[in-house]
Amino acid sequence: MLNKSKNTTHFGYQTVNKEEKTNLVSNIFHSVASKYDLMNDIMSLGIHRIWKRVTIQHSGVRPGHYVLDLAGGTGDLTAHFSHLVGENGLVILTDINQSMLQEGRRKLRNKGILANVRYVQANAETLPFPDKVFDCITIAFGLRNITESHQALSSMFRVLKIGGRLLVLEFSKIESALFNKIYNAYSFQVLPCLGELIAQDPHSYRYLVESIDVHPDQETLKRIMIDVGFSETTYINLTGGVVALHRGFKF
Ligand code: SAM
């Protein structure tokens, strides 16, 4: 485990000042935004689409619901939710990074998704929404990039309606030692090369791999969510724990 004082945090394997992490993460996503979707498909062999479908299946979202797709980037979940909430519902795609939001807006507009989606640039730590407005909040592959993740989870709790649910889709800890070995070889050796070849950016993809490694495991994240106030908090492992989907309710 890396040494962390009150004013420092992880940036991949480095320990940096907290203010610095937000800027460093921001630079990463400015840099990868235009190639983000392509790289996602290549790096995960398309499996991220299945993980996102499972997230939608656990969302309980229905026509008329208000949904927050937080750290939503290029809007994959937003596109699904837009169909589910229908004309009386609303999906807000929120991200701290303007380049990612622009990619998302362009992609969704090209798909004809317009009427029930709004775009808000905001930091998950200080969400600019009133209390108790959302039926469902999702954060997919965003939590590990946030400097003050505990504060962000509290902010999500505040804006959820009573009875609303949070879904956190995030890389996690692999259950099988053998699979873990193979996965580590792939992610530390192959992924940065792919990042160099396709996005001319090996450093950003090395950060992504390192940030996965230092992210809390399934049980730790579950405890953090309970600490923040979420009830009936559970998780399921996907692809042997490469990714976990945590779910918690506000009662
Ligand atoms: N959810 C999308 C998906 O699953 O494809 C995008 C995930 S991408 C790996 C992580 C996103 O988190 C980036 O778009 C980044 O800008 C965003 N992000 C990082 N820190 C954030 C923060 N403090 N508040 C809101 N978004 C943040």
Side-chain angles (χ1 to χ4, degrees), residues 9-12 16 18-44 46-56 59 67-82 91-108 117 119-129 136-156 159 166-172 187 191 195 199 201 204-212 215 238 242-246:
T9 188
H10 300 300
F11 175 72
V16 298
K18 284 184 173 171
E19 313 84 68
E20 206 185 338
K21 171 164 173 170
T22 310
N23 286 334
L24 289 167
V25 169
S26 178
N27 291 341
I28 296 270
F29 286 102
H30 279 307
S31 162
V32 303
S34 63
K35 296 268 168 57
Y36 179 81
D37 285 332
L38 175 67
M39 284 300 289
N40 248 359
D41 276 333
I42 293 173
M43 289 185 323
S44 75
I47 297 171
H48 75 103
R49 292 168 185 263
I50 298 172
W51 297 331
K52 287 172 179 163
R53 276 200 179 276
V54 174
T55 306
I56 300 290
S59 71
V67 177
L68 177 64
D69 180 11
L70 187 52
T74 55
D76 284 348
L77 289 176
T78 294
H80 286 286
F81 284 133
S82 164
V91 188
I92 301 191
L93 172 54
T94 296
D95 200 285
I96 200 171
N97 189 293
Q98 203 188 2
S99 308
M100 291 293 281
L101 266 185
Q102 271 169 1
E103 284 297 320
R105 187 196 294 255
R106 191 184 49 75
K107 185 168 88 182
L108 298 191
V117 176
Y119 301 86
V120 175
Q121 187 178 359
N123 188 339
E125 294 161 9
T126 49
L127 289 171
F129 306 111
C136 178
I137 300 176
T138 51
I139 178 161
F141 307 113
L143 196 62
R144 73 180 191 284
N145 296 299
I146 294 174
T147 309
E148 300 284 2
S149 52
H150 202 282
Q151 190 181 325
L153 287 165
S154 298
S155 193
M156 295 175 218
V159 300
L166 168 68
L167 295 166
V168 181
L169 182 66
E170 191 51 270
F171 289 101
S172 208
S187 52
L191 288 189
D201 187 358
S204 295
Y205 287 92
R206 177 155 288 279
Y207 158 74
L208 292 179
V209 172
E210 291 178 2
S211 67
I212 292 168
H215 185 67
L238 303 172
V242 170
V243 159
L245 177 65
H246 284 71

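Atoms within each ligand, like the ligands themselves, are counted from 1 in listed order. Both backbone and side-chain heavy atoms feed into the values below; hydrogens, waters and symmetry mates do not.
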Problem set entry | F141 and F171 aromatic ring geometry - parallel, tilted or perpendicular at 30°/60° bounds |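 Ring orientation of F171 relative to F141: tilted.
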Exercise. Is there side-chain contact between N145 and Y207, with heavy atoms separated by less than 4.5 Å?
Worked result: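 Sidechains of Y207 and N145: in contact.
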Shortest non-hydrogen contact from [X] to [Y]?
X	Y	answer
Q98	H30	N-CE1, 4.3 Å
L70	L127	CD1-CD2, 3.7 Å
V32	S204	CG1-CB, 3.7 Å

Problem set entry | Note: R49-D41 ion pair, threshold 4.0 Å (strictly below) |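 Salt bridge flag = yes for D41 with R49.
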Check ligand 1 for N or O atoms under 3.5 Å from a protein N or O and list each pair with its distance.
{"unit_1": "ligand 1", "atom_1": "1 (N)", "unit_2": "A71", "atom_2": "O", "d": "2.9"}
{"unit_1": "ligand 1", "atom_1": "1 (N)", "unit_2": "A140", "atom_2": "O", "d": "2.9"}
{"unit_1": "ligand 1", "atom_1": "4 (O)", "unit_2": "K52", "atom_2": "NZ", "d": "3.4"}
{"unit_1": "ligand 1", "atom_1": "4 (O)", "unit_2": "A140", "atom_2": "O", "d": "3.4"}
{"unit_1": "ligand 1", "atom_1": "5 (O)", "unit_2": "Y36", "atom_2": "OH", "d": "3.0"}
{"unit_1": "ligand 1", "atom_1": "5 (O)", "unit_2": "K52", "atom_2": "NZ", "d": "3.0"}
{"unit_1": "ligand 1", "atom_1": "14 (O)", "unit_2": "D95", "atom_2": "OD1", "d": "3.3"}
{"unit_1": "ligand 1", "atom_1": "14 (O)", "unit_2": "D95", "atom_2": "OD2", "d": "2.6"}
{"unit_1": "ligand 1", "atom_1": "16 (O)", "unit_2": "D95", "atom_2": "OD1", "d": "2.6"}
{"unit_1": "ligand 1", "atom_1": "23 (N)", "unit_2": "N123", "atom_2": "OD1", "d": "2.8"}
{"unit_1": "ligand 1", "atom_1": "24 (N)", "unit_2": "A124", "atom_2": "N", "d": "2.9"}
{"unit_1": "ligand 1", "atom_1": "26 (N)", "unit_2": "I96", "atom_2": "N", "d": "3.3"}

